[in-house]
Amino acid sequence: AQSVAQPEDQVNVAEGNPLTVKCTYSVSGNPYLFWYVQYPNRGLQFLLKYITGDNLVKGSYGFEAEFNKSQTSFHLKKPSALVSDSALYFCAVRGNSGGYQKVTFGTGTKLQVIP
Amino acid sequence: DAGVIQSPRHEVTEMGQEVTLRCKPISGHNSLFWYRQTMMRGLELLIYFNNNVPIDDSGMPEDRFSAKMPNASFSTLKIQPSEPRDSAVYFCASRGGGLSYNEQFFGPGTRLTVL
């Protein structure tokens, strides 16, 4: 069975500092990987995805993520955090071996950017 | 495009009552998902429709829950009878393009409180 682990319930970072939100996954075969963000009282919004190719994926709002196959990780990064980045971040995975496979979401990491 | 539309946004009901949640996916999207989000269990997939046909309902908690998609522009999630443990935020999401690695677009959610 596929799974996603977000080991940190909360990440605190000072405004202007780089941020990292960690994600590791387990899936049969090669993965499709996603990051979503959820602001208070809103639905999830797509940030970026890895399908194949370049391991560094760039997404919305200056976010990027690096796919590391050997470490089965897909950490979300941003060079300089903004207060407005404070939100709940979800990593998600799906296998790409064909047929139906559901997308499995992690438990979420709350990012708090401190002014 | 207005995005995924859900109604009502908030629902407060008493235990034993029937609850119906509604969703209008993004026009042209052929996949629709119902999720439930709670603090304890995180984000859970309840049911997935493709081209109006239920493909995966393994996440539906029990017979009290049912979902329909009578056409490409409308879906309902019904709980009958409702119980306090059903209190959660219910999200509808849609996906287009026919590709399993396309991102999902989430609605704003319905916050259900069962007293």
Side-chain angles (χ1 to χ4, degrees), chain A residues 1-10 23 25 27-53 57 59-60 63 65 67 74 87-110, chain B residues 2-10 21 23-26 29-51 53-60 88-112:
Chain A
Q2 62 192 30
S3 64
V4 175
Q6 294 183 243
E8 301 154 318
D9 290 336
Q10 182 159 335
C23 171
Y25 66 90
V27 69
S28 289
N30 294 317
Y32 295 142
L33 292 155
F34 308 83
W35 276 102
Y36 288 81
V37 60
Q38 185 180 28
Y39 298 101
N41 301 313
R42 301 284 296 275
L44 278 68
Q45 296 177 34
F46 170 77
L47 275 180
L48 52 77
K49 65 184 174 187
Y50 170 82
I51 302 170
T52 187
V57 178
S60 306
F63 283 93
F67 170 62
F74 190 56
L88 190 58
Y89 289 82
F90 290 91
C91 182
V93 69
R94 179 196 183 279
N96 71 357
S97 55
Y100 168 69
Q101 294 186 54
K102 72 177 183 181
V103 175
T104 299
F105 286 83
T107 52
T109 298
K110 183 178 180 180
Chain B
V4 176
I5 299 172
Q6 291 187 247
S7 64
R9 292 294 309 276
H10 302 272
L21 310 182
C23 174
K24 177 178 170 56
I26 292 172
H29 282 192
N30 63 340
S31 296
L32 185 138
F33 307 81
W34 281 101
Y35 291 91
R36 177 172 68 177
Q37 185 178 38
T38 61
M39 290 292 292
M40 292 296 295
R41 301 171 70 94
L43 193 66
E44 304 172 274
L45 176 66
L46 299 177
I47 189 167
Y48 157 56
F49 290 89
N50 190 52
N51 293 324
V53 176
I55 302 300
D56 181 2
D57 65 355
S58 60
M60 295 287 267
V89 180
Y90 291 80
F91 289 104
C92 176
S94 69
R95 183 181 69 199
L99 298 173
S100 59
Y101 53 74
N102 283 350
E103 60 268 28
Q104 297 178 27
F105 291 79
F106 284 74
T110 295
R111 182 174 296 276
L112 173 65

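Sequence lines set the chain letters: A, B, ... in the order given, protein chains first and strands last, and positions in each chain run from 1. Remember, it's a predicted structure, so these values are computed and weren't measured experimentally.
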Heavy-atom pair count under 4.5 Å with chain A, highest-scoring of B:Gln6, B:Gln37, B:Arg111 |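 Among the listed options, the one with the most contacts to chain A is B:Gln37.
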
Between B:Asp56, B:Ile55, B:Leu45, B:Asn50, which shows the greatest number of heavy-atom pairs under 4.5 Å with chain A?
->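 Option with the greatest count: B:Asp56.
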
Quick one: closest heavy-atom pair of A:Asn41 and B:Arg9, and the distance?
->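 Here A:Asn41 and B:Arg9 meet closest at O-NH2, 3.7 Å.
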
Output the distance between atom [atom1] ([X]) and atom [atom2] ([Y]), rounded to the nearest 0.5 Å.
X        : Y        : atom1 : atom2 : answer
B:Phe105 : A:Gln45  : CZ    : CD    : 10.5 Å
A:Phe34  : B:Glu103 : CZ    : CD    : 8.0 Å
B:Tyr48  : A:Lys102 : OH    : NZ    : 13.0 Å
A:Leu44  : B:Leu43  : CG    : CG    : 6.0 Å

Examine whether an atom of A:Ile51 lies under 4.5 Å from a heavy atom of chain B, and if so say whether it belongs to the side chain, the backbone or both; otherwise answer neither.
->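 Looking at A:Ile51, just its side chain touches chain B.
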
Contact class of A:Gln38 relative to chain B, heavy atoms under 4.5 angstrom =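 For A:Gln38, the side chain is the part near chain B, not the backbone.
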
Residue that, paired with B:Tyr35, satisfies ring-ring contact (aromatic ring centres under 6.0 Å, His included) out of A:Tyr36, A:Phe90, A:Phe105 |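 Going through A:Tyr36, A:Phe90, A:Phe105 one by one, the ring-ring contact (aromatic ring centres under 6.0 Å, His included) with B:Tyr35 is satisfied by A:Phe105 alone.
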
